[in-house]
Engineer: 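This is the structure I have questions about; it appears just below.
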Protein chains: 2
Amino acid sequence: MTELTSPLSQINNKPLREQVLDALREAIVQGDLKPGQTLIEADLAAQLGISRAPIREALQILNSEGLLETVPYRGTTVRRLSRQDIEELYSLRSVLESFAIRRIIARRNPDDVEVLREHFRAMLDRAEAGDLKTLNEIDRGFHDTLIRLSDHQLLQSIWNAVALRVRQVMALLNERNTDLKQIAYNHLPIIEAIAAWDEPRALQLIEQHIAATGELIAEGWVDPEPGDGA
Amino acid sequence: MTELTSPLSQINNKPLREQVLDALREAIVQGDLKPGQTLIEADLAAQLGISRAPIREALQILNSEGLLETVPYRGTTVRRLSRQDIEELYSLRSVLESFAIRRIIARRNPDDVEVLREHFRAMLDRAEAGDLKTLNEIDRGFHDTLIRLSDHQLLQSIWNAVALRVRQVMALLNERNTDLKQIAYNHLPIIEAIAAWDEPRALQLIEQHIAATGELIAEGWVDPEPGDGA
DNA sequence: TCACGGTCGATTGTCGACAGTCTACCGATT
DNA sequence: AATCGGTAGACTGTCGACAATCGACCGTGA
């Protein structure tokens, strides 16, 4: 056999640690595990039918990713999100995406624009179908694509962490922004500014777009009260 | 007894995991552990006289911090630093510090300026004494202070990770920048621009300062050849 | 000569047991 | 009643042993 790693999805051999890691991370950013909720290693282990060792390793990683909070000898809880956290999250996000756009425009590669336009079409399509869930995913995909196109590994890895928290915030939001097509159309001028290699305008648009979103969310955010979040 | 946590440095009770974490992290950023070098859990455990469990947890964390690279079932090595990594590191650093300065200037707090000027005086003092090691530490302290003054926890945590890698790069550099007083004086106009609340000038200076440093380092950087780095 | 299969040693992954630490509770003392 | 000291239970931290995986090595057979 020569290569062939990709198909058959590589059988099984992912360490338990990583499976647990993925599962917990997903549970957190989808809001299934609520901020403030405490995680008991033994419970998780029993629940998953494995020992505590891989669980502990996963928890340490999630802690260093900022999704959990661990106090030695005390326990680990899902990190709480204050209004200040939201504001910080979106302000930093704005900085990172601006940086990405600057790099994309500097490269002036028409292919990039086509990729982004394709995203917009998909977004509009989902919006017209009233498909909120998929629309959100595509919206995420658009911003992920901006980062990816910027071709900057370090930025990418930091973005990954930031984007996780954004997903978590979205999941915890009870109020839903229902003006779907508006969300989709919000992205069009950004794309066109990039297509025109108009850096100042693209930066102004993306920063305004993200700041507006952040403010909208921060505005209605109620800081979590003490309690175990359950 | 009422509080009193801070003095007496809290006796002992830091988990082994964290002690190992600190020790390994320091060894990496100081260049004692060379990029490419592989770390064997059992060896480290024997060397430190403890079991593998806390070692493994520390390694996972360092991996998620980007200082180590782990391949399941294969092992963990100190992450290699290519020239591209250096360029990415400094370009991102520039973005983060610019953001910090924008926030500092937006606040217009004269105390901030005084803190920065004090840093400059200390730097100049060390430079005149020809004290390279301390100068580097103070230089680091200056940039750390910029971030701290920006009062942005998320930025702070990302900066911490980035700054670690910067330290590692500095430690691995064989060529030393010997023009000490010049380094110190480089910071003065930045401080003065902040003092004057002159945002465009402050941003232009910091970006140029960091880009110049980055290019200087990237220029002489030799990409690591395969091998275990030892 | 070279591709193939199998085996072996080194190393990582997982487990169950035990040690250490913290909190909550409770009774004694003032 | 309020404070103190001590104890019990729940949980995290650490350990040593065992299982699983990988790469290198080595014959074997065409």
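Below, all heavy atoms of this structure are taken into account, side chains as well, without hydrogens, waters or symmetry copies. Reminder, nothing fancy here: chain letters follow the sequence lines and each chain counts from 1.
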Engineer: Using the rule side-chain contact (heavy atoms from CB on, under 4.5 Å), only one of B:I55, B:L62, B:T77, B:T76 pairs with B:L39; which is it?
Structural biologist: B:T76
Engineer: May I ask you to say what B:L39 touches in the nucleic acid, namely base, sugar-phosphate or nothing, with a heavy-atom cut-off under 4.0 Å?
Structural biologist: sugar-phosphate
Engineer: Nearest nucleotide by nearest heavy atom, which residue falls closer to the 5' end of DNA chain C, B:R52 or A:Y73?
Structural biologist: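 Checking each residue's closest nucleotide, the 5'-ward one belongs to B:R52.
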Engineer: Can you tell me how far P of C:dC22 sits from CD1 of A:I40, to the nearest Å?
Structural biologist: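 Taking CD1 of A:I40 and P of C:dC22, I get 16 Å after rounding.
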Engineer: B:K14 NZ to C:dT21 C1': how many Å, rounded?
Structural biologist: 17 Å
Engineer: Give the rounded distance in Å between these two atoms: CG of B:L44 and C1' of C:dT11.
Structural biologist: 13 Å
Engineer: Determine whether the aromatic ring centres of residues A:H187 and A:H119 are separated by less than 6.0 angstrom.
Structural biologist: no
Engineer: Give a yes/no answer on whether the side chain of A:S51 brings an N or O atom under 4.0 Å of OP1 or OP2 in C:dC15.
Structural biologist: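 True: A:S51 side-chain N/O within range (under 4.0 Å) of C:dC15 OP1/OP2.
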Engineer: Do A:N160 and A:Q156 pass the side-chain hydrogen bond (donor to acceptor under 3.5 Å, both in side chains) test, and can you show the C-alpha distance, the side-chain angles, and the key distance before you say yes or no?
Structural biologist: CA-CA 6 Å; A:N160 290 342; A:Q156 178 75 59; 3.1 Å; yes
Engineer: Considering only heavy atoms and no angle criterion, is a donor-acceptor pair shorter than 3.5 Å present between the side chain of B:R74 and the base of C:dG13?
Structural biologist: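 Result: no qualifying N/O pair found.
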Engineer: Contact class for B:I55 (heavy atom, under 4.0 Å): base, sugar-phosphate, or nothing?
Structural biologist: nothing
Engineer: Within the structure shown, what part of the strands sits under 4.0 Å from A:R56 by heavy-atom distance: base, sugar-phosphate, or nothing?
Structural biologist: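 Answer is base: heavy atoms of A:R56 come under 4.0 Å of a base.
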